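Structure record follows, encoded as structure tokens.
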Number of protein chains: 2
Amino acid sequence: MTTPPPRPALRADARRNAERLVSAAREVFAERGVDVPMDDIARAAGVGNATLYRRFPTRRALLQAVHRDEIDALHARSQELLAAPSPDEGLATWLRELAMQGSTSRSLATALMNALKDEGADVSWCRETMHAAAAALLDRAQRAGSVRGDITAGQVLKLVNAVAFATEGGPDAQRQADRLLTVVMDGLRSRD
Amino acid sequence: MTTPPPRPALRADARRNAERLVSAAREVFAERGVDVPMDDIARAAGVGNATLYRRFPTRRALLQAVHRDEIDALHARSQELLAAPSPDEGLATWLRELAMQGSTSRSLATALMNALKDEGADVSWCRETMHAAAAALLDRAQRAGSVRGDITAGQVLKLVNAVAFATEGGPDAQRQADRLLTVVMDGLRSRD
DNA sequence: ACCTGAACACCGTTCAAGT
DNA sequence: ACCTGAACACCGTTCAAGT
């Protein structure tokens with residue numbers, strides 16, 4: 001769950017094509033949005049369109065692959081923050097970093113929304129990695145009594161990603177996301 | 001802004017076709033989702049597809065028309081709640097009703113998301129009506145000092161609709177939305 | 001085992017012809 | 001003024017043929 005999805009042994013050319021597809025998709029998604037035609041991604045990668053489908057059966061799977069490193073980094077960051085002096089600040093810091101990244105990348109916000117809303121097996125790695133990261137920090141803060149107990153990691157993730165998704169694209173997206181996250185964090189903290 | 005978009009005088013048959021299109025779209029969106037082919041909606045309404053495009057140039061415009069009555073009702077409800085004894089409870093009640101409706105209707109949640117995220121003129125009626133409703137209740141609560149002053153009506157709407165959108169479709173959607181809205185409302189209230 | 005481009009089915013949008 | 005179905009362009013997905 002904390003390790004990326006298996007990388008089956010691929011023939012050298014297949015491996016190279018897969019990497020080109022992910023790189024091309026990253027650029028094209030960023031420039032032209034997440035609804036860009038699949039054929040355009042294949043063309044940008046210099047491979048046939050059927051090769052794209054063979055490697056990434058759904059657009060969501062491709063989106064997940066594009067953001068694999070960021071998702072891994074968010075998970076690693078959550079492990080670091082488990083050592084933060086204040087449990088609720090550890091959680092708040094992680095959620096803020098998540099919201100900041102999502103609010104500046106429609107592509108990432110969409111990848112996370114796909115993984116959090118649907119149950120699809122093609123995005124289970126993303127869903128489980130994010131869930132593990134959030135659950136560890138949330139659980140610690142709840143045990144310390146600084147965050148309300150009547151909420152789950154899945155709900156917190158949906159809420160914060162919804163903030164990112166709703167602010168993305170607008171003017172001043174980061175600032176807006178930050179403002180909304182402050183509201184959410186205040187709501188998450190236990191009442192005295 | 002508080003009145004629905006102009007209903008230009010239409011010939012009797014055109015008027016009837018427009019009503020059939022809205023009714024058909026409401027049913028088809030509810031049964032098969034908001035991405036259903038436009039041709040299927042026209043067929044369900046018993047009119048040619050070009051008639052659909054003539055009347056509703058974009059899918060968003062059609063979605064807005066489908067939810068016209070609900071949006072009107074939400075606006076009317078906000079006017080009623082301005083007379084609630086407690087300003088922050090008036091706001092909380094309205095936001096809860098909004099979240100409940102959105103979390104049980106992907107079609108409504110999508111219509112609102114379209115109107116709140118984009119600046120498109122084709123959904124300006126929805127955006128402005130919702131904004132007027134939220135702004136009145138929020139302003140009253142902020143003046144009373146019970147809700148934090150550093151947030152705008154547009155931000156509150158995005159946040160609450162994001163809650164609806166994120167919970168919609170899942171199991172126990174209403175309950176989940178209610179839970180998340182409690183968190184959001186706690187975050188919105190001024191700290192003592 | 002993997003790649004390719006073409007074929008196929010489908011959908012959004014426009015338009016010439018009708019009433 | 002409005003309606004219609006067909007035409008057109010485009011996109012997702014599959015498949016026969018290649019290496």
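The shown structure was predicted, so the numbers you read here are calculated from the model rather than taken from an experiment. By convention in this document, chain letters (A, B, ...) are assigned in the order of the sequence lines, proteins followed by strands, and residues within each chain are numbered from 1.
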- Query: Using Watson-Crick and G-U wobble pairs whose two distances are both under 3.5 Å, how do you write the pairing of DNA chain C as dot-bracket, with | for links to another strand?
  - Reply: ||.|||||...|||||.||
- Note on the structure: Sorted by chain and number, sequence neighbours left out, side chain to side chain contact (heavy atoms under 4.5 Å, CB included) with Ala133(A) holds for His75(A), Ser78(A), Trp94(A)
- Query: Can you tell me how far C1' of dT19(C) sits from CG of Asp13(B), to the nearest Å?
  - Reply: 10 Å
- Message: Ser86(A): which residues meet the side chain to side chain donor-acceptor pair (under 3.5 Å) condition with it, sequence neighbours left out?
- Response: Asp88(A)
- From CG of Leu52(B) across to P of dG5(D) the rounded distance in Å is 13 Å
- Message: With no hydrogens and no angle check, just 3.5 Å: does a side-chain donor-acceptor pair link Arg96(A) and Thr182(A)?
- Response: yes
- Task: Report yes if the side chains of Gln176(B) and Ser103(B) come closer than 4.5 Å at any heavy-atom pair, otherwise no.
- Result: no
- Is the distance from OP1 or OP2 of dC3(D) to the nearest side-chain N or O of Arg55(B) less than 4.0 Å? yes
- Task: Give the other cluster members for Leu52(A), using side-chain heavy-atom distances under 4.5 Å between Ile, Leu, Val, Met, Phe, Trp and Tyr residues; answer none if it is isolated.
- Result: Leu21(A), Val22(A), Val28(A), Phe29(A), Val34(A), Val36(A), Met38(A), Ile41(A), Val47(A), Tyr53(A), Phe56(A), Leu62(A), Leu63(A), Val66(A)
- Separation of Arg140(A) CZ from Leu82(A) CG (nearest 0.5 Å): 6.0 Å
- Message: Rounded to whole Å, how long is the line connecting atom CG of Asn17(A) with atom P of dA1(C)?
- Response: 17 Å
- Message: Checking side-chain polar atoms at under 3.5 Å, does His131(B) have a donor or acceptor matched by the opposite partner on Glu128(B)?
- Response: no
- With sequence neighbours excluded, tell me which residues meet side chain to side chain contact (heavy atoms under 4.5 Å, CB included) with Arg54(B). none
- Item | Rounded distance in Å - CZ (Arg54(B)) to P (dC2(D)) | 6 Å
- Tell me what Arg16(B) touches on the nucleic acid: a base, only sugar-phosphate, or nothing, going by heavy atoms under 4.0 Å. nothing
- Message: Measure CZ/Phe56(A) against P/dC2(C) and give the value in whole Å, please.
- Response: 13 Å
- Task: Sugar-phosphate means primed atoms, P, OP1 and OP2; the rest is base. With that split, encode nucleotides 11-18 of chain C 5' to 3' as B, S or - using protein heavy atoms under 4.0 Å.
- Result: SSBBB---
